[in-house]
Amino acid sequence: MSTLPYLVFFTGRDDPRDCMVIGEDEKPVFFEFETTDMCTTVGTVAARATFLAIDSPLSPSIGRAVIPGSVSAHFLTLENAREVPIERLIMPGSSPHARRFVSATDDRVYEWRRSYEDPTSYELWAGPNAQIAIFHKFQHSTPVGMSHATLQYCFTDGLLLIEALVTLNLNRWLDLNMSG
C-alpha cells in the first residue's frame, strides 16, 4: 500500500448521514453532512424526499442531494451544477462487500471495499492495485473534540474528496441499514 499522507477526522454525531469532517491536506478541509426527511402534501398527494446538504465555510453549499420517492429522480448536485445520478455512486463492485462509483470530475471508476477483518472499515481503490484511501472507525481525542473515525488518503482533488466522502457515507448508511 502506498503512503496515505492526508488525514481527516469524523466528528459530531456518529451517523453517516449527520456528521462533520475536519482536517487538512494541501489546504484546510471541513464538511458538514446533514440529512433531513421532509414530507410535502399537495392536495391529497404526499411527496416524501430526503435532502442531504453538504456545506463548508471554506466553500459554502458544496452539494445537495435531493432524493425523492422515485428511484429515477435520485441525483447528487455538486458545485458548478453537476448532477450525478445516485445510481452512479453505489454500483455493484468487484465483490459482495464492494461498491463502485463513477467520478463526475474525470469519469473514472473508483471502488469502496468493506474490510473483511473489520466490517466498519473501508478502503477506496482507483484500480485493482491502487489503494488511495482508508476509513477506520475508532474513538480518538483531537484538538477539536472527540472523533469517531478517520479517513487517510493520498489525493488532493477537492471534488474527488467530496465524492469519496459522499459515497463512503452512502455505503456506510446502506451497510448499517441492510445488515439487520
Side-chain angles (χ1 to χ4, degrees), residues 4 6-23 29-39 47-56 62-78 84-104 109-126 131-142 144-153 159-180:
L4 302 173
Y6 305 117
L7 178 69
V8 292
F9 298 93
F10 286 68
T11 65
R13 293 182 56 197
D14 186 6
D15 181 343
R17 294 176 8 133
D18 290 292
C19 64
M20 291 181 281
V21 178
I22 189 167
V29 173
F30 178 81
F31 300 109
E32 183 173 3
F33 292 84
E34 182 178 354
T35 305
T36 56
D37 291 320
M38 302 186 88
C39 186
R48 184 162 198 80
T50 300
F51 294 90
L52 167 65
I54 310 159
D55 289 310
S56 170
I62 288 172
R64 297 273 185 265
V66 179
I67 308 170
S70 163
V71 173
S72 63
H74 294 193
F75 285 97
L76 170 67
T77 304
L78 294 172
V84 181
I86 295 293
E87 294 85 14
R88 286 178 52 130
L89 302 178
I90 51 171
M91 299 182 304
S94 61
S95 78
H97 290 81
R99 290 188 188 94
R100 296 177 304 154
F101 70 93
V102 178
S103 172
V109 176
Y110 297 88
E111 182 173 80
W112 279 109
R113 299 177 187 166
R114 192 165 32 140
S115 169
Y116 289 104
E117 295 84 29
D118 177 7
T120 64
S121 293
Y122 293 81
E123 299 169 349
L124 180 59
W125 294 80
Q131 182 181 2
I132 61 171
I134 188 163
F135 171 84
H136 287 289
K137 262 189 78 54
F138 67 94
Q139 296 290 321
H140 180 74
S141 180
T142 72
V144 295
M146 285 302 290
S147 167
H148 50 81
T150 60
L151 177 71
Q152 290 177 269
Y153 58 101
L159 284 177
L160 178 57
L161 179 59
I162 294 167
E163 290 175 320
L165 290 168
V166 168
T167 55
L168 170 64
N169 285 342
L170 280 170
N171 279 293
R172 290 179 57 221
W173 184 80
L174 287 170
D175 291 338
L176 284 170
N177 287 284
M178 291 173 60
S179 65

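Heads up: numbering here begins at 1 and tracks the sequence.
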R17 side, atom CZ; L170 side, atom CG - distance, nearest 0.5 Å: 10.0 Å

Judged by atom type as modelled, is there a donor-acceptor pair below 3.5 Å linking the side chain of S147 to the main-chain atoms of S141? no

Once you round to the nearest 0.5 Å, how far does CZ of F135 lie from CH2 of W112? 8.0 Å

Heavy-atom distance under 4.5 Å between the side chains of V166 and F31, does that happen here? no

Residues S94 and E111: closest non-hydrogen pair is N-OE2, 2.6 Å

Is any side-chain heavy atom of T167 closer than 4.5 Å to one of Y122? no

In terms of heavy-atom contacts, N169 and C19 come closest through ND2-SG, 4.0 Å

With heavy-atom distances below 4.5 Å as the criterion, would you say the side chains of T150 and H140 are in contact? no

Mind checking whether S115 and H136 have side chains closer than 4.5 Å, heavy atoms only? no

4.5 Å side-chain heavy-atom contact, R99 and M91: no

What are the two closest heavy atoms between V102 and E163, and how far apart are they? O-OE2, 4.5 Å

Could you tell me how the ring of Y6 sits relative to the ring of Y153: parallel (under 30°), tilted (30 to 60°) or perpendicular (over 60°)? tilted

Gap separating the OG1 atom of T11 from the NE2 atom of H148, nearest 0.5 angstrom: 6.5 Å

Angle class for the Y110/F101 ring planes (parallel below 30°, perpendicular above 60°, tilted otherwise)? parallel

About how many Å separate CD1 of I22 and CG of L7, when rounded to the nearest 0.5 Å? 11.5 Å

Quick one: do L151 and L124 satisfy side-chain contact (heavy atoms from CB on, under 4.5 Å)? Show the steps, please. CA-CA 10 Å; L151 177 71; L124 180 59; over 6 Å; no

For residues E32 and M20, report the shortest heavy-atom separation together with the two atoms involved. CG-CG, 3.9 Å

Does a side-chain heavy-atom distance below 4.5 Å link P119 with D175? no

Output for pair (E123 CD, H97 NE2), nearest 0.5 Å, gives 12.5 Å

Determine, for D118 against K137, whether the closest basic-nitrogen to carboxylate-oxygen distance falls under 4.0 angstrom. no

